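Data first, discussion second: the structure below is written as structure tokens.
All chains are named by letter (A, B, ...) in the order of the sequence lines, taking the proteins before the strands, and each is independently numbered beginning at 1. Computed from a prediction, not measured in an experiment: that's the story for all the values here.
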There are 2 protein chains.
Amino acid sequence: MLVVTRSALLKNKDNKNNKTVKTLKIIQSEVESLNKIALSVDCVIFGFDENKLKVLLIRSDLKEYKGRLSLLGDLLSPNDELDKAAYKILKKRTGLDDVYLEQVQTFGKVNRHPGGRVITVAYYSLINIMHHKLKIRENELDWHDVSGVKNLAFDHQEIFETCYQRLQKRVQEHPLGFSLLPSKFSLRDLQNLYEAILGIKLDRRNFRKKFFAMDFLVDLNEIETNVPHRPGKLYSFDYDKYEQKKKKWSGIDF
Amino acid sequence: MLVVTRSALLKNKDNKNNKTVKTLKIIQSEVESLNKIALSVDCVIFGFDENKLKVLLIRSDLKEYKGRLSLLGDLLSPNDELDKAAYKILKKRTGLDDVYLEQVQTFGKVNRHPGGRVITVAYYSLINIMHHKLKIRENELDWHDVSGVKNLAFDHQEIFETCYQRLQKRVQEHPLGFSLLPSKFSLRDLQNLYEAILGIKLDRRNFRKKFFAMDFLVDLNEIETNVPHRPGKLYSFDYDKYEQKKKKWSGIDF
DNA sequence: TTAGCAAAGTGTATATTTTACACTATCTTA
DNA sequence: TAAGATAGTGTAAAATATACACTTTGCTAA
């Protein structure tokens, strides 16, 4: 991106060409009266793989942040809803469009972006990492363990941390975690996921007790395969039942 | 400053004669397509008076919403931080600058504002209603019981409800309520406040037990005056102690 | 084939937290 | 000085959260 300052435009003021002058005046007034503020959407895309919570990052192409990793984002198109802009980012980067998405906070420090005043609305998203593995590992785009995320470009470190904290809080209030898992999973998978998100160890028996009490798990009468030990039963998540109970839902505690 | 994508400019690289005009046209189109989004900040200002939770509203001056009430807001100045913009609204409308302020959510439906695409960052604020009573009741600006807030202009009803829900959640996690009270208050005042915010009745003994256990109340060794019954003791809130304990704070439940 | 391994699956006792509830004390007003 | 009104106080029961160990099952390798 290139930054055009008002003074650069004003230099052309004496141009004889009427059209140009007129154009300049329009631009000048647009710039002055409308806003010199650009709006973007950034998305912290979480995935879960090899029992680790991951986040999708890309290398910044701005020279100011050469080589640093950054979140995935884009400028907002004037005709797009905010959520739509976030979905577009997800579609573009992962090919998925059925994902969990939540707006977290808007970041607008005056100097957060070297290209000018850019205010960004931050979202986080939960996706099933398996469903799009082929789409990435190209273009400097890849998954990173959340535990190793540091020194991101722009103010993206702060955005990442805010979103991660929000996720940690949310999974204790609502059973969102399922968006990160395959449709069939064992209770061990589920516990591994929660341990990865929260960064703590959980008691296995109490964990099972809690999830069965919630009554959102459907016993598929299937078992794991290719495990070198007794296989666990497989479950799926009953989204409909959850939607019904959602209103009265007061939370889970770990 | 205006942000223009470089690729748009490069398209005209070879042009010699009309370079300026073409470039400007591109800039203009960028302005139109990229940047026709205005940014505002809206603030749900809460107060507490006569044992009711109140919100500060103003009559809309837009003809589309003639006579309807709306939240207090303003366009964001390009050189202001987001929080600063919210503080400015508070200063302008209440004269106060030491208030509790929290960003809640950004609302950006394409048609939410009849004047064009305006995206607004919503805050809520807690103020001590006594401190500025003289500043308002002018200019169609006044306090309204939260229970009676309906049919606000724009999408302000939705914004109000989102902010009110956030407040209800927050006061159960952190002792924010004190911002709404005078510096000296009785436990009955405090309970009235929480009952007003949450919209429920609370058990008096359990309420007292909970707040004393928190250990943020300072016994001032003073009592209420001008009450037609046994006066209650007065307390103040120990902000410093709260700040210290904040990190480990896990919440209050009612 | 079978012994050993590794994780699945299961229940109970204790501690902690939350809830429900009623009487005495103190100040004001008549 | 009696009556009215709210302040102030403690305990028992219920619900919830925690801590903890043995048996079962399927897989693997000798």
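- For the helix from C:dT1-D:dA30 to C:dA30-D:dT1, the terminal axes (five pairs an end, C1' atoms, rotation from four pairs onto the next four) enclose an angle of 10°, given to 10 degrees.
- Per the geometry, CD1 belonging to A:I200 stands 13 Å off C1' belonging to D:dT18, to the nearest Å.
- No salt bridge links B:K233 with B:E222; every basic N to acidic carboxylate O contact stays at or beyond 4.0 Å.
- Each of C:dT10, D:dG26, C:dT12 was ranked by its minimum atom distance to the side chain of A:R204; first place goes to C:dT10.
- Atom pair A:N226:CG and D:dG26:P shows a separation of 15 Å (rounding to whole Å applied).
- Atoms CG and CG, from A:D238 and A:D215 in turn, are 8.5 Å apart once rounded to the nearest 0.5 Å.
- Position along DNA chain C of the nearest nucleotide to A:K209 versus A:E224 favours A:E224 as the more 5'-ward residue.
- For A:R230, the side chain to side chain contact (heavy atoms under 4.5 Å, CB included) criterion is met by no residue, not counting sequence neighbours.
- OP1 or OP2 of D:dA7 lies within a sub-4.0 Å distance of a side-chain N or O belonging to B:R188.
- A residue-by-residue look at A:K210 and A:P231 shows that A:K210 has its nearest nucleotide of DNA chain D further toward the 5' end.
- With rounding to whole Å, A:L202 atom CG is found 14 Å from D:dA19 atom C1'.
- In this structure, CD of B:Q172 is placed 14 Å from C1' of C:dT18, rounded to the nearest angstrom.
- A:F207 places its CZ atom 13 Å from the P atom of C:dG9, with the value rounded to the nearest Å.
- Note: CZ (B:F211) to P (D:dG8) measures 15 Å, nearest angstrom.
- Across C:dT19, C:dC27, D:dA21, the shortest atom-to-atom separation from the side chain of A:R205 is found for D:dA21.
- For the salt bridge (Lys or Arg N to Asp or Glu O under 4.0 Å) test with B:D97, the passing option among B:K92, B:K91, B:K84, B:K88 is B:K91; the others fail.
- In this structure, the nucleotide among C:dA25, C:dT29, C:dT12 sitting nearest to the side chain of B:R230 is C:dA25.
- Separating the CG atom of A:D203 from the C1' atom of C:dT14 is a distance of 14 Å, rounded to the nearest angstrom.
- Here A:F207 contributes atom CZ and A:Q191 contributes atom CD; the two are 5.5 Å apart, rounded to the nearest 0.5 Å.
- Checked against D:dA5, C:dG11, D:dG8, the side chain of B:H229 finds its nearest nucleotide in D:dA5.
- Residues A:E81 and B:K109 are not paired through a salt bridge, judged by the lack of any N-O separation under 4.0 Å between the basic side chain and the carboxylate.
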For this session: Given side-chain contact (heavy atoms from CB on, under 4.5 Å), test A:L126 with A:I45 step by step and report yes or no.
Result: CA-CA 6 Å; A:L126 306 178; A:I45 303 173; over 6 Å; no
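- Computed from coordinates, the B:N206 CG to C:dC21 C1' distance equals 9 Å when rounded to whole Å.
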